[in-house]
Amino acid sequence: MSYNLLKGKRGIIFGALDENSIAWKTAERVHEEGGAFVLSNAPIALRMGTINELAEKTGSQVIPADATSLEDLQNLVEKSVEILGGKLDFVLHSIGMSVNVRKGRAYTDLNPDWTATGWDISAVCFHKVMQTLYKNDAMNEWGSIVALSYMAAQRVFPDYNDMADNKAYLESIARSFGYFFGKDKKVRVNTISQSPTPTTAGQGVKGFDGFISYAEKMSPLGNATAMDCANYTVTLFSDLTKKVTLQNLFHDGGFSNVGVSQEVIETFTGEK
Ligand SMILES: NC(=O)c1ccc[n+]([C@@H]2O[C@H](COP(=O)([O-])OP(=O)(O)OC[C@H]3O[C@@H](n4cnc5c(N)ncnc54)[C@H](O)[C@@H]3O)[C@@H](O)[C@H]2O)c1
């Protein structure tokens, strides 16, 4: 169902790798709601993924950018404003990667160089994206910037590894930059703390199948899917949420506020 919530709005969507990506679903929903956007991803991901399909479907252009490169980001922002015919109203940062997770290094045995690379890709580049938008005065007043986070920023999930620290840093950047973006440009900045979701990044985490099932059992509404997340993001890009900023918004079917659920107790007692 479409409500035309984003009619006339323009933006950039980072991170659509394949049809499972949260950014992919978001691009589809933003398109349905009347928004126009440029799609961006790292050059290597563009070669591996299927983003051109999405571009065709949504009538969008694709501009490669390694989100850790200020030069790439400058080019992306300049070209996006040009292609879309004006300043931007929304930006989705849907990017994350830990080299330590990928290579199976335990949290107690991290390779510091890999930690730094993952930190840059998963957290610092959000600052780089916003700094580039800010310096180029590329956002319209009442625009909205969203990045995706996970609850391991607040609570321990051992196999989430150094991504937990990256997410804590990401959420802090949203608040810190959100202050200046709000004061100076009337732009809001939030993070969505999303349920475990079966995507390439999600499934790269050790024990993913266990913790997605556990979260499902713990959440009174069940896990939020990638499509649910896309819908929520649409509301945050719309004019209906103009005064929501500097927030980390839990989008997890209630998981974050549950101590234990009946279903989880039953797995221990065997009693219904
Ligand atoms: N899947 C989950 O369980 C889950 C839960 C909560 C939050 N998130 C977050 O959602 C976001 C999107 O992940 P996803 O689950 O859709 O997985 P995904 O693998 O589909 O998306 C991750 C994206 O990051 C991109 N990327 C990696 N390095 C990059 C770079 N240097 N420059 C630009 N882009 C780069 C990848 O190409 C990919 O498109 C991430 O921030 C992730 O941490 C995911």
Side-chain angles (χ1 to χ4, degrees), residues 1-67 72-73 75-77 79-97 121 125-126 129-130 133 138-140 143-149 188-192 194-195 197-202 224-241 249 251:
M1 201 187 299
S2 167
Y3 307 88
N4 259 341
L5 283 174
L6 304 179
K7 193 162 180 242
K9 294 194 186 295
R10 305 179 265 255
I12 299 175
I13 296 181
F14 289 93
L17 178 67
D18 57 36
E19 62 180 4
N20 298 319
S21 301
I22 297 169
W24 184 289
K25 303 280 192 242
T26 308
E28 289 181 331
R29 283 296 293 118
V30 169
H31 176 63
E32 281 169 15
E33 293 295 336
F37 46 83
V38 161
L39 293 165
S40 185
N41 210 326
I44 179 157
L46 295 183
R47 285 197 294 278
M48 287 163 43
T50 48
I51 201 170
N52 286 333
E53 244 174 65
L54 178 66
E56 211 167 294
K57 205 169 158 185
T58 57
S60 318
Q61 291 201 35
V62 180
I63 301 182
D66 173 351
D72 284 9
L73 290 172
N75 175 60
L76 169 66
V77 167
K79 287 220 172 103
S80 299
V81 169
E82 203 179 293
I83 290 168
L84 297 167
K87 288 198 206 183
L88 311 176
D89 304 292
F90 61 85
V91 173
L92 176 67
H93 176 287
S94 186
I95 298 172
M97 205 275 295
I121 294 174
C125 86
F126 188 39
V129 166
M130 287 197 279
L133 294 164
M139 293 296 294
N140 272 322
S144 173
I145 301 172
V146 170
L148 292 176
S149 193
R188 57 203 191 276
V189 182
N190 296 291
T191 47
I192 295 177
Q194 163 69 7
S195 292
T197 315
T199 60
T200 304
T225 63
M227 187 51 88
D228 292 326
C229 188
N231 282 323
Y232 189 37
T233 305
V234 164
T235 68
L236 290 175
F237 287 166
S238 82
D239 290 336
L240 301 178
T241 52
L249 301 158
H251 181 251

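Counting begins at 1 with the first residue of the sequence. All of these numbers come straight from a predicted model, not from anything done at the bench.
- Side chains of T233 and R29 form no contact here, defined as non-hydrogen atoms less than 4.5 Å apart.
- The distance from atom NZ of K57 to atom CH2 of W24, rounded to the nearest 0.5 Å, is 7.0 Å.
- At a threshold of 4.5 Å between non-hydrogen side-chain atoms, the residues S94 and T26 do not count as touching.
- Contact of the K9 side chain with the D239 side chain is registered, since non-hydrogen atoms from C-beta on lie closer than 4.5 Å.
- Of the possible donor and acceptor atoms, one in the side chain of S144 sits under 3.5 Å from a partner among the backbone N and O of L236.
- When all heavy atoms of L76 and A65 are compared, the pair lying nearest together is CD2-CB, 4.1 Å.
- For the atom pair D18 CG and I51 CD1, the distance stands at 10.5 Å (nearest 0.5 Å).
- Listed here is the closest heavy atom pair of T191 and S149: CB-CB, 4.2 Å.
- Side-chain atoms of Q194 and I22, non-hydrogen and from C-beta on, do get closer than 4.5 Å to each other.
- At distances below 3.5 Å, not a single donor-acceptor pair connects side-chain atoms of N41 with backbone N or O atoms of L46.
- Annotation: side chain of F90 is in contact with side chain of I13 (closest heavy-atom distance under 4.5 Å).
- Put simply, the side chain of R10 never gets that close to the backbone of S80: no donor and acceptor are under 3.5 Å apart.
- Taking the side chain as every heavy atom from C-beta outward, L249 and Y232 approach each other to under 4.5 Å.
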Report the C-alpha separation of V129 and I95 in whole Å, then their side-chain angles, then the decisive distance to 0.1 Å, and conclude whether the side-chain contact (heavy atoms from CB on, under 4.5 Å) test is met. CA-CA 11 Å; V129 166; I95 298 172; 5.7 Å; no
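- Atom CD1 of I192 and atom CG of L92 lie 7.5 Å apart (nearest 0.5 Å).
- No donor-acceptor distance shorter than 3.5 angstrom exists from the side chain of S40 to the backbone of F14, with no hydrogens or angles considered.
- In terms of modelled atom types and a separation under 3.5 Å, the side chain of S21 and the main chain of A16 share no donor-acceptor contact.
- The main-chain N or O of A226 is never found under 3.5 Å from a side-chain atom of T197 such that the two would form a donor-acceptor pair.
- Taken from CG in L6 to CD in E32, the straight-line distance is 11.0 Å, to the nearest 0.5 Å.
- Taking every heavy atom of both residues into account, L73 and A67 meet most closely at CD1-O, 3.4 Å.
- Between the K25 side chain and the E19 main chain, a donor and an acceptor come within less than 3.5 Å of each other.
- Comment: E82 does not engage K79 in a salt bridge, judged by the lack of any side-chain N to carboxylate O separation of less than 4.0 angstrom.
- Checked by atom type and distance alone, the side chain of E33 pairs as donor or acceptor with a backbone atom of Y3 at under 3.5 Å.
- Listed here is the closest heavy atom pair of M97 and I121: CE-CD1, 3.4 Å.
- Contact annotation: the side chain of T200 never approaches that of N20 to less than 4.5 Å [non-hydrogen atoms, C-beta and beyond].
- Side-chain atoms of T241 come within 3.5 Å of backbone atoms of T235 as a donor-acceptor pair (strictly under, hydrogens ignored).
- Between the T199 side chain and the G202 main chain, a donor and an acceptor come within less than 3.5 Å of each other.
- Between E28 and L54 the shortest side-chain heavy-atom distance falls below 4.5 Å.
- Rounded to the nearest 0.5 Å, atoms CD1 (I145) and CE (M130) are 6.0 Å apart.
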